[in-house]
Amino acid sequence: VTLLKSVSRGHNITGALSTKNSSQQHLRSVRLEYSVTNKALTSNVATLTTSINHNLSVGGTIEIIGVDSTFNGIYTITAKTSNTISYAKTASNVSSTAVTPNGSAQADMVLSHDEYDADLIDDVGNVVHFMDYNAGTADKIYAICDDGVYAYWITNNSASGKFEMLKKALNSTSTTGTSMFTSPTLVVTNAIMEFIKDRIIMCVNNAVYEVSPTATTLPSASYTNPNTSYTYTSIAASGPAIYTAGHSGVYSTIQKYSLVTSTGSMPTLSQAMVAAELPQGEIVHRIYYYLGFMAIGTNKGVRVAAVSDTDGSVSYGPLIFESEQPVYDFAARDKYLWCATNVDGNPGLTRVNLGQPIGSLVYAYAWDLYDPATTGRNTTACAFAGDTSQIIWTTAGVSVATITNKALTSNVATLTTGTAHGLVAGDEVYVEGVDSTFNGQYTVIGAPSTTTFTYAKTAANVASTAVSPVGQVN
């Protein structure tokens with residue numbers, strides 16, 4: 001296990017669990033591709049020119065395809081400029097020559113979404129900021145997905161405070177996204193989205209939408225849950241159907257949308273088709289379709305469901321194992337399924353062998369990977385770095401409370417929370433969404449009341465002021 005990235009509050013990575021104990025971190029396996037337009041080789045160093053500026057880093061792995069037999073292969077980048085990459089190659093010199101037709105430089109990465117921030121992380125931990133929303137001045141990224149070429153995400157527009165969907169090429173070095181469309185009435189409070197079956201399925205608040213990657217307006221909802229408190233948590237698809245999962249209080253369901261045969265589109269529904277209902281109190285956080293099965297991650301552990309090839313119906317089995325934390329994510333390779341769990345008090349992954357059944361919809365499993373140096377955090381997301389054999393996971397702390405008021409006197413900050421915080425002197429906390437003076441990582445030095453706490457902060461005095469929108473302490 002290697003630490004690829006230490007969380008830094010400096011560029012608005014927050015990543016705590018939400019107040020509903022849901023993950024605000026997501027990982028996507030991606031492969032960046034750049035056209036190679038020129039080649040050269042001098043003193044056993046190959047240098048390739050890309051058609052656009054790239055996001056590649058020294059030390060990262062690169063695969064070269066379609067240049068020629070001298071340059072093609074898998075290498076480690078040793079040097080770069082904004083539009084060139086170099087790597088070691090023992091061969092005869094090659095003078096600078098145009099590559100016609102263009103070749104390709106490809107790199108496996110993960111797209112990491114961490115509430116206000118989206119990063120590209122390569123196989124050795126190099127980080128490139130993909131999108132960076134400033135906590136306190138812009139709303140967070142509520143959900144993100146990609147189609148292999150573009151990333152798509154949902155936020156509330158910083159000017160109007162209403163829904164906005166944006167896109168950006170995965171290989172782009174631009175610091176901004178392109179707005180696809182906005183809504184003058186919709187305010188996002190919760191959202192998830194996935195690119196499946198050549199379309200984007202997104203759940204915003206209590207409504208489900210089917211969106212084209214080229215859409216310029218928000219379509220009508222395919223389904224609106226009559227329960228306005230229903231929280232959608234995950235989206236998946238099998239051959240004949242698309243699924244959403246979520247919960248309201250202790251009630252949690254998986255809903256099915258059978259595709260219209262003539263058009264392949266989702267039907268507009270007047271009521272949800274419930275494919276599965278979990279036992280009362282068991283909350284679905286993730287559904288994941290793989291090898292004809294649906295893995296179901298809940299606040300209790302992991303279940304596996306059989307999925308019908310004809311109508312997409314779902315029949316789940318008993319808990320394969322019970323986890324110390326909710327199971328927020330899955331990743332899969334070959335016959336194995338990795339589950340974002342806790343491993344004996346440490347963040348890590350549990351591996352299920354789908355090729356070794358030991359009962360009806362029950363499979364052999366084992367603790368697989370974990371970080372023995374870290375405690376008190378939950379594993380929130382996992383994914384392979386593109387097509388590599390490297391699996392990456394993220395961890396998060398638990399959201400304690402919202403922050404409603406701030407004050408600073410004689411280098412002591414005092415924050416007021418919306419509910420009882422349960423903090424005591426010595427606790428380590430992360431403050432976010434207040435402002436640049438108060439945000440950061442601190443050690444609590446006192447708790448004057450159940451809804452106030454203090455920490456040392458060397459800065460000018462700040463009069464008691466309401467925090468709006470509210471901040472958060474993790």
Side-chain angles (χ1 to χ4, degrees), residues 5-25 113-119 127 129 131-142 155-162 164 175-176 187-190 376-378 395-474:
K5 177 184 177 185
S6 181
V7 170
S8 166
R9 272 17 187 214
H11 65 286
N12 298 311
I13 283 193
T14 52
L17 300 178
S18 74
T19 53
K20 294 185 178 181
N21 208 33
S22 295
S23 171
Q24 299 184 93
Q25 295 173 313
H113 165 226
D114 203 334
E115 191 176 4
Y116 282 92
D117 190 68
D119 292 326
V127 178
H129 296 332
M131 282 302 304
D132 195 11
Y133 277 48
N134 293 317
T137 61
D139 209 349
K140 64 184 180 181
I141 299 173
Y142 285 86
T155 186
N156 285 316
N157 181 274
S158 57
S160 68
K162 308 295 185 183
E164 183 174 22
T175 58
T176 60
V187 177
V188 185
T189 57
N190 181 76
R377 300 180 69 83
N378 284 358
T395 68
V398 178
S399 175
V400 174
T402 57
I403 297 171
T404 59
N405 200 85
K406 62 185 178 183
L408 197 154
T409 305
S410 301
N411 296 325
V412 174
T414 301
L415 296 181
T416 303
T417 58
T419 56
H421 51 65
L423 299 171
V424 297
D427 283 345
E428 182 180 347
V429 295
Y430 298 100
V431 175
E432 66 180 35
V434 178
D435 63 29
S436 58
T437 297
F438 291 85
N439 292 348
Q441 178 179 347
Y442 305 100
T443 300
V444 174
I445 61 174
S449 74
T450 59
T451 57
T452 59
F453 67 95
T454 59
Y455 55 88
K457 179 67 181 182
T458 302
N461 287 355
V462 175
S464 180
T465 308
V467 177
S468 180
V470 296
Q472 185 168 283
V473 56
N474 309 317

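Just so you know, residue 1 is the first one in the sequence shown, and it goes up from there.
- When each of V473, T465, I403, V470 is paired with V434, the side-chain contact (heavy atoms from CB on, under 4.5 Å) condition holds for I403 and for no other.
- The shortest heavy-atom contact between T419 and A401 is OG1-CB, 3.8 Å.
- Legend: residues meeting side-chain contact (heavy atoms from CB on, under 4.5 Å) with S160, ordered by chain and number and at least two apart, are N157, K162.
- Looking at heavy atoms from C-beta onward, K406 lies in side-chain contact with D435 at the 4.5 angstrom threshold.
- A search for side-chain hydrogen bond (donor to acceptor under 3.5 Å, both in side chains) contacts involving S464 returns N405, not counting sequence neighbours.
- Judged purely by atom type and a 3.5 angstrom limit, N461 uses its side chain to pair as donor or acceptor with the backbone of S410.
- Partners of Y142 by ring-ring contact (aromatic ring centres under 6.0 Å, His included), not counting sequence neighbours: none found.
- Looking at every heavy atom in both residues, I141 comes nearest to M131 through CD1-CB, 4.2 Å.
- To the nearest 0.5 Å, the span separating NE2 on H129 from CG on D119 amounts to 6.0 Å.
- Heavy atoms only, all atoms of each residue included: H421 and A447 are closest at CE1-CB, 3.9 Å.
- A side-chain contact (heavy atoms from CB on, under 4.5 Å) with T454 is found for one member of V412, L423, L408 and no other, namely V412.
- Partner of V188 under the side-chain contact (heavy atoms from CB on, under 4.5 Å) criterion, out of D139, N156, T155: N156 alone.
- With values rounded to the nearest 0.5 angstrom, N439 atom CG is found 8.5 Å from K457 atom NZ.
- Listed for the Y455 side chain is a donor-acceptor partner under 3.5 Å among the backbone atoms of F438.
- D114 places no side-chain N or O within 3.5 Å of a backbone atom of Q25 that could act as its donor or acceptor partner.
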